Each structure stands twice: as structure tokens, then as C-alpha cells.
Amino acid sequence: MIEFAHVTKSYGRDAPAVSDLSLVIPAHRTTVIVGPSGCGKTTTLRMINRMLEPNAGEIRWDGRPLNTLGKTELRRSMGYVIQSGGLFPHRTVAANIATVPRLLHWDSRRIAGRVRELMELTELPESLADRYPAELSGGQQQRVGVARGLAADPDVLLMDEPFSAVDPVVRAGLQDLVRGLQRELDKTIVMITHDLDEAIRMGDQVAIMKDGAIVQAGPPAEILDEPATDFVREFIGRDRGYRGLGFAAAAGLRLTAVDTTRAPGTATTERPVLVLDARGRPVGWVDPRLPGGTMDLGTVFDPATDSLRVALDAALSSPVGRAVAVAGPAARYAGVVTIADLLTAVATHRDDLAESRAERAAHREVAVAEPAEPVSGPGPVDDGVVPEASS
Ligand SMILES: Nc1ncnc2c1ncn2[C@@H]1O[C@H](COP(=O)(O)OP(=O)(O)OP(=O)(O)O)[C@@H](O)[C@H]1O
Ligand SMILES: [Mg+2]
């Protein structure tokens with residue numbers, strides 16, 4: 001766990017870039033700091049690996065003040081990734097990835113093995129190893145940047161707007177890659193972005209920053225449900241209720257059956273009939289008026305892995321108002337859910353949210369009535385973050 005306690009950082013005599021910032025960054029989770037340009041995100045991140053030192057306040061890592069830890073140790077235990085990878089243009093991909101292991105004087109066989117391993121992990125073809133950064137696509141450069149950040153197997157990965165230079169499709173791929181790596185490697189990730197959707201997608205904790213301080217931090221579902229200030233509400237924008245459905249699992253939905261056929265030409269149309277292919281996968285709904293006898297399926301959802309948001313979209317995009325559920329790696333037909341059933345599930349989800357809200361409010365009241373004993377100096381009590389027991 002990394003803990004900021006009342007940290008302030010000024011550059012020269014300007015107004016502080018970071019001002020009385022308190023935040024708890026839990027270990028083995030992804031924390032995303034999001035906020036408008038110039039609010040102090042990069043300054044905050046650079047204090048974590050001591051590229052910058054605070055003027056006041058303290059940063060602790062697993063309870064130890066950062067300024068008692070050597071910068072070399074920090075460089076080994078904290079990887080750093082920036083936009084476009086921040087790659088050295090005159091070094092090959094392999095040499096870029098090997099940057100920190102070289103600084104740590106690993107022998108060349110160990111370095112070569114590690115480079116190969118990282119290229120595989122970040123899904124970079126081996127053939128790219130001898131290319132220079134300018135000979136790569138933006139997405140590939142970013143993968144090299146991630147590989148380089150992970151090279152010495154650090155505990156913490158710091159990422160400053162890592163995906164802002166690539167298009168939305170490549171960006172989504174990189175987001176999936178890093179989320180997968182986080183789960184697989186169990187790193188503590190601190191990531192900065194301008195993009196709230198990215199923050200919500202990537203973060204176990206989202207910290208919203210304004211004018212050098214954190215205005216709200218918590219799980220994304222909680223922030224969407226209960227923005228703490230007008231600024232947060234405006235920053236999140238519209239659709240927050242709908243986006244919140246992305247955090248509710250579709251697993252509890254009741255599946256019902258519809259008639260199915262593998263030969264649409266022969267089906268009657270009193271009731272909706274689902275067309276399946278030879279392997280049992282849904283392909284569309286029967287409509288004898290159309291050539292081929294089949295109309296569009298709409299989107300489908302997998303109850304085991306998808307959210308209520310995806311299920312609702314499947315119902316809304318279905319020409320017959322039924323969300324088609326699929327299951328297993330082959331995505332075979334598993335049943336349908338009507339819009340009415342989905343709306344009932346949405347209402348239940350609302351009730352659950354209201355309950356969590358009430359619990360949080362009660363928790364806050366207890367916290368005010370019995371203030372926790374400060375460990376050393378004043379702790380982060382007023383930023384809405386519940387400190388983790390330990391890391
Ligand atoms: N080296 C520096 N010298 C003086 N002022 C600086 C320096 N670096 C940043 N600042 C100022 O500190 C404030 C915060 O900058 P910072 O880079 O932390 O913002 P940011 O949130 O990362 O912004 P962006 O989203 O645009 O990257 C800004 O007002 C900036 O001008
Ligand atoms: Mg920045």
C-alpha cells in the first residue's frame with residue numbers, strides 16, 4: 001500500500017501543483033487518477049518513485065517513508081510507462097526493454113531471456129526485437145513501453161497516460177492487455193488518464209483530481225452512483241446510471257426458452273423463432289418476408305461474464321425485444337431474457353445500490369463519532385477513502 005498524507009508540491013514560487021493531497025493506493029490493485037489537464041496528476045505520479053520530492057507531507061510505502069528508501073531500489077521496484085512508451089529512438093526494441101536490467105548489471109543471457117519473455121507477455125512478435133521504435137505502430141510502441149516498465153519485475157507499475165496516443169480500437173486492446181497482466185502478475189498499478197471511461201474500465205479504485213487535490217476516490221461503481229461534489233458530477237457527465245449497470249453482473253438473470261429452428265424457410269411466425277446454425281449458435285430471428293427468411297439477431301450476452309449493461313443492450317438491440325444469452329467458448333444459444341425481466345433486474349440493482357449507499361453513510365457516521373487513532377501524524381480522514389487494513 002502506498003499512502004499520501006497531506007502532500008504538497010510546488011515548482012518554484014508558483015501556486016502548488018499538488019496541495020494537501022491525501023490518498024491510499026492499495027497494493028495488488030489498479031488505481032487510476034483522472035482529472036483535467038494541469039491538475040497535478042503527473043506531479044503526483046512522479047513523487048511516487050522520487051523523481052520529484054514533496055515540499056510538505058509524507059508518502060509511505062508499506063508504512064516506510066519514501067524518503068528513507070534509496071532511489072536505485074525504487075527504480076528497480078517501480079516500473080514507469082509513459083505515452084508512446086517514451087522509448088529511446090536510437091535503441092532497438094530489445095535494447096529498450098533491457099534498459100533497467102542493464103542498469104542493474106544483469107548478465108547478458110539473463111537479459112536476453114527476460115526480453116523474450118516480456119515480448120511474449122505483451123504479445124509482441126519476436127521478429128520486432130531488432131527494429132527501432134520509429135519502425136513500429138503506435139500500439140506496438142506502447143506494448144514495448146509496457147514490457148520495458150515490467151522488465152525488472154517491479155512490484156509497482158506507474159503509467160502516465162500510456163494509451164493516449166493510439167486510436168480507440170488499439171486502446172481497448174491495450175487496456176485489456178494491462179488488465180490481464182495485472183491479474184496475472186498481481187502488480188500494484190497507478191495509472192493516469194484524462195479519460196473517465198478508461199478510468200472506470202481499468203480502475204479498482206478511481207481517484208478524481210482537481211486543482212492539486214483528490215476530490216473523490218473509491219470503486220468506480222460507487223463514484224458513478226454517488227458523486228461527492230458538483231465537479232465530480234459534471235466530470236462524469238451524463239449516462240452515469242446507465243454506465244453503472246456495467247458493474248452489475250448479468251449472472252442472476254432468469255433465462256427462458258424460445259422456439260428455435262435450423263431451417264428458417266419452414267418456420268411459422270406467430271411467436272418469435274430463433275434461427276440457430278449447425279453448431280447451435282444463434283444467427284437471427286425468423287422473418288419469412290426477408291430473403292433467407294432471417295432478420296438481424298442484435299447483440300448477444302454471456303451471463304457468466306457480461307454485465308447487466310451488456311444484457312440490456314442485447315434486449316434493446318433485438319428486433320423482438322429479447323436478449324439472447326450464449327454460453328461457453330463456442331457461444332452456443334443458452335436462452336433469452338425479456339425486456340420486462342431485465343427491467344426488474346435493473347430495479348433490483350437500484351435497490352442494492354441504495355442499500356450500499358445507506359451502509360456507506362452509516363460507516364461515515366461511525367467514523368465521525370469515533371475518529372480512528374492516527375498512526376503517525378494525521379491520516380487521510382476526509383477524502384472518502386477507506387484505508388486498507390494492510391498490503
Ligand atoms: N517542471 C515544472 N516547472 C514548473 N511548473 C510545472 C512543472 N511541471 C508541471 N508544472 C505545473 O504544475 C501544474 C501541474 O502539472 P502536471 O504536469 O502535474 O499536471 P497534469 O495533471 O499531469 O496535466 P496534463 O493532464 O496536462 O498532463 C501545472 O500548472 C504545470 O504547469
Ligand atoms: Mg500529465
Side-chain angles (χ1 to χ4, degrees), residues 2-25 30-59 66-67 71 74-75 78-87 138 141-142 145-146 148-149 156-168 171 174-175 178 188-203 205-218 220 223 227-237 380 383-385:
I2 298 164
E3 194 177 0
F4 280 72
H6 302 281
V7 169
T8 294
K9 171 70 192 173
S10 313
Y11 295 99
R13 269 185 276 165
D14 294 338
V18 168
S19 175
D20 194 27
L21 181 143
S22 293
L23 177 68
V24 171
I25 297 169
T30 300
T31 291
V32 183
I33 300 174
V34 59
S37 185
C39 72
K41 302 181 294 297
T42 297
T43 304
T44 301
L45 198 72
R46 286 170 154 245
M47 285 190 282
I48 298 178
N49 64 357
R50 295 189 64 200
M51 283 156 88
L52 293 171
E53 302 285 351
N55 301 110
E58 191 171 67
I59 307 171
L66 266 191
N67 58 15
K71 287 186 184 172
L74 286 178
R75 180 153 48 176
M78 294 185 174
Y80 198 79
V81 183
I82 59 173
Q83 195 176 316
S84 307
L87 303 176
Q141 287 180 30
Q142 201 56 70
V146 172
R148 187 176 65 175
V156 177
L157 195 59
L158 306 173
M159 309 182 88
D160 193 345
E161 307 224 22
F163 313 139
S164 55
V166 294
D167 71 62
R171 191 172 181 138
L174 288 165
Q175 290 169 348
V178 169
T188 303
I189 296 182
V190 189
M191 182 177 144
I192 289 176
T193 179
H194 271 101
D195 176 356
L196 186 85
D197 280 317
E198 181 164 274
I200 286 172
R201 226 180 113 126
M202 302 284 298
Q205 168 174 253
V206 174
I208 297 182
M209 199 165 171
K210 177 185 184 244
D211 299 338
I214 304 293
V215 284
Q216 186 174 10
I223 289 179
T229 66
D230 285 343
F231 172 78
V232 176
R233 206 166 288 120
E234 247 167 63
F235 193 77
I236 295 173
D383 57 6
V385 186

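Just so you know, ligand 1 is whichever comes first in the structure, and atom 1 is the first atom listed for that ligand. Owing to the predicted nature of the structure, the values given are computational and were not obtained by experimental measurement.
The closest donor-acceptor contact from the side chain of Gln216 to the backbone of Ala228 lies under 3.5 Å. Between the Thr8 side chain and the Ala56 main chain, no donor and acceptor come within less than 3.5 Å of each other. Listed for the Glu161 side chain is no donor-acceptor partner under 3.5 Å among the backbone atoms of Thr42.
With a 4.0 Å heavy-atom cut-off, ligand 1 is reached by no atom of Met209.
Under 3.5 Å, the side chains of Glu198 and Thr193 contain a donor-acceptor pair of N or O atoms.
Closest to atom 29 (O) of ligand 1 among all protein heavy atoms lies Gly38 O, 4.0 Å. At the shortest separation from atom 8 (N) of ligand 1 among protein heavy atoms lies Tyr11 CZ, 3.3 Å. Looking only at protein heavy atoms, the nearest one to atom 25 (O) of ligand 1 is Lys41 NZ, 2.8 Å. Protein heavy atom at the shortest distance from atom 18 (O) of ligand 1 is Thr43 OG1, 2.5 Å. From the protein, the heavy atom lying nearest to atom 26 (O) of ligand 1 is Ser37 OG, 2.5 Å. Among protein heavy atoms, atom 17 (O) of ligand 1 sits closest to Thr42 CB, 3.7 Å.
Atoms of ligand 1 found under 4.0 Å from any heavy atom of Ala17, numbered from 1 in the order shown, are 12 (O), 13 (C), 14 (C). Numbered from 1 in the order shown, with element, the atoms of ligand 1 that lie under 4.0 Å from a heavy atom of His194 read 25 (O).
Note that CE of Met202 and CG of Leu174 are 9.0 Å apart. Values are rounded to the nearest 0.5 Å.
In this structure the side chain of Val34 never reaches within 4.5 angstrom of the side chain of Ile192, judged on heavy atoms. In this structure, the side chains of Tyr80 and Arg46 come closer than 4.5 Å at one or more pairs of heavy atoms.
Of the candidates Lys9, Met209, His6, Met47, Leu21 forms a side chain to side chain contact (heavy atoms under 4.5 Å, CB included) with just one, namely Met209.
For the Mg ion (ligand 2), the tally of protein N/O/S atoms lying closer than 2.8 Å stands at 1.
Note on Asp160 versus Lys41: no salt bridge recorded, every NZ/NE/NH1/NH2 to OD/OE distance being 4.0 Å or above.
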